[in-house]
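Whatever order the structure lists them in is the order used to number ligands and atoms, beginning at 1. These numbers were taken from a predicted model, which means no experiment stands behind them.
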Amino acid sequence: MTGAVDATAELVERAAAHLMPTYGVPRAAFLRGQGTVLFDAEDQPWLDFLSGLAVTSLGHAHPAVTEAVARQAATLVHTSNLFLTEPAVLLAERLAEVTGWPDAKVFLAQCGATANEAAIKLARRHGKAQHPDKVRVVALEGSFHGRTLATLEATGQPAKHGPFAPLAGFVDHVPHDDPEALTAAVTDLTCAVLVEVVQGEGGVRPVPAEVLAAARAACDLHGALLLVDEVQTGMGRTGPWFAFQGTDVVPDVVTVAKALANGLPIGACIARGAAAEVFKPGDHATTFGGNPVTCAAAIAVIDTIRDEGLLDQAATRSRRLVAGLEGLAGSAPLAAGVRGRGLLLGLELDAPVAAEVEVACRDRHLVVNAVAPDVLRLAPPLTVTREEIDTAVAVIAEALAAVATHPTDR
Ligand SMILES: Cc1ncc(COP(=O)(O)O)c(C=O)c1O
């Protein structure tokens, strides 16, 4: 065994003693990161084409984020929400700018699930003002919205519900690609329709424009709010700041988390129009919401993306990566096609071997993941270089060939 494997094995053993095993057996352990590269215990580089599950969009250890965090940590870390701190206000102002909603109001949470939890509570409060039973939510099959009880219930993956049933029963799920089914599911007792524009955990599956349009129309007809979960797709991951900005549909509420602070835990629920006026003092709260350090990191992320033109750069890089992956689909075994938007991409395989391809990539120090049995997810940082893209495509080609040739021992 190499030293890195020894060090990882030792850490895995210690973790097994005292960490709850909710994440399965870890795939590797890393000591540090720089840009698109992670370094293991032997200081060996790995190419990170997953960005910590679409989180470190500026790459690891981005100097602007490091500097903002260090400065804020040395200044003021926490006051509670009994008091104001400027980073929370500044971040809310920035989020109003990037949504393009001058009337936006923001609730700052800690992660994606808590941002969605806020959105669902907001929609219920809005619905109940119209009718005491207007609390139902329509969501899509295959969606992922989080693991708290309400967001788990909204998540359209019944296997994840099983161990925790019975759930409250307030969510109706419809197929992700059936506008008529969605229209039929929304009633006067629906307070919200909750959708992703591209289902990330659901297999990098774009939701058809007709479904988004049907959701908007049904919400308008029944006085419900359209909630768009941009936890995975926000902050330039699919091209624009938010994926909805690449569609004809404008939601009432958008949630964002993951990449917002490049790895520090944060989430935001952003509302406009009447939805922005729903919450009153005492309606919702969380001790760490608006934490100055995480907010400072998020402001640095937004400013860096804007000042360095990273949305445009990421679009160019996306085209190169898509071309590389499409090339594989024409030439390499198992590769069948490419889906997704921007730098949230899925390589479709013609057999359910994505987990094996993931391992074969990992053996070659490339981090990607099997997001469905036949889909490999790629989500490199927006800062990824051309050379890194070409290397990753070459590694995937090798991994596909290895899996195709030796399905069991790679
Ligand atoms: C679309 C979407 N919503 C919500 C979540 C939950 O976010 P968190 O894990 O930060 O609670 C995720 C996480 O993968 C996600 O992809």
Counting only heavy atoms from other residues, nucleotides and ligands, does the tally under 6.0 Å from [atom1] of [X] exceed 12?
X: E86; atom1: CD; answer: no
X: D248; atom1: CG; answer: no
X: L31; atom1: CG; answer: yes

Distance to 0.1 Å, residue and atom name: give those for the protein heavy atom nearest to [atom].
atom: atom 2 (C) of ligand 1; result: F144 O, 3.3 Å
atom: atom 3 (N) of ligand 1; result: D229 OD2, 2.7 Å
atom: atom 11 (O) of ligand 1; result: A113 N, 2.8 Å
atom: atom 8 (P) of ligand 1; result: G112 N, 3.5 Å
atom: atom 16 (O) of ligand 1; result: Q232 NE2, 2.8 Å

Min N/O separation C111 to ligand 1 under 3.5 Å: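 N/O-N/O distance under 3.5 Å: no.
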
For ligand 1, which is the ligand I care about here, please tell me if A257 has any N or O atom under 3.5 Å from one of the ligand's N or O atoms.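 There is no such contact.
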
Return yes if some donor-acceptor pair links the side-chain N/O of R32 with the main-chain N/O of L38 below 3.5 Å, else return no.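 Between the backbone of L38 and the side chain of R32 there is no qualifying donor-acceptor contact (under 3.5 Å).
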
Distance in Å, D220 CG paired with R216 CZ, rounded so as to fall on 0.5 Å steps: 4.0 Å

Relative to ligand 1, is E201 under 4.0 angstrom through side chain, backbone, both or neither, heavy atoms considered? side chain

With heavy atoms and a 4.0 Å threshold, my read on which part of R147 contacts ligand 1 is neither

[X] and [Y]: side-chain donor and acceptor closer than 3.5 Å?
X: Q232; Y: E201; value: yes
X: D48; Y: H60; value: yes
X: T233; Y: E230; value: yes

So is K258 close enough to ligand 1, meaning a heavy atom under 4.0 angstrom away?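 Within the 4.0 Å threshold, so yes.
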
Flag side-chain contact, heavy atom, 4.5 Å: V293 against H78: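 Contact flag for V293/H78 side chains = no.
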
Using a strict cut-off of 4.0 Å, indicate which atoms of ligand 1 neighbour a heavy atom of N116. 3 (N), 4 (C)

For ligand 1, which atoms have a heavy atom of V231 less than 4.0 angstrom away? 2 (C), 3 (N), 4 (C), 5 (C), 7 (O), 12 (C), 15 (C)

Where the closest heavy atom to atom 4 (C) of ligand 1 is concerned, which of E196, E117, H145 has it?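 Result: the heavy atom closest to atom 4 (C) of ligand 1 is in H145.
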
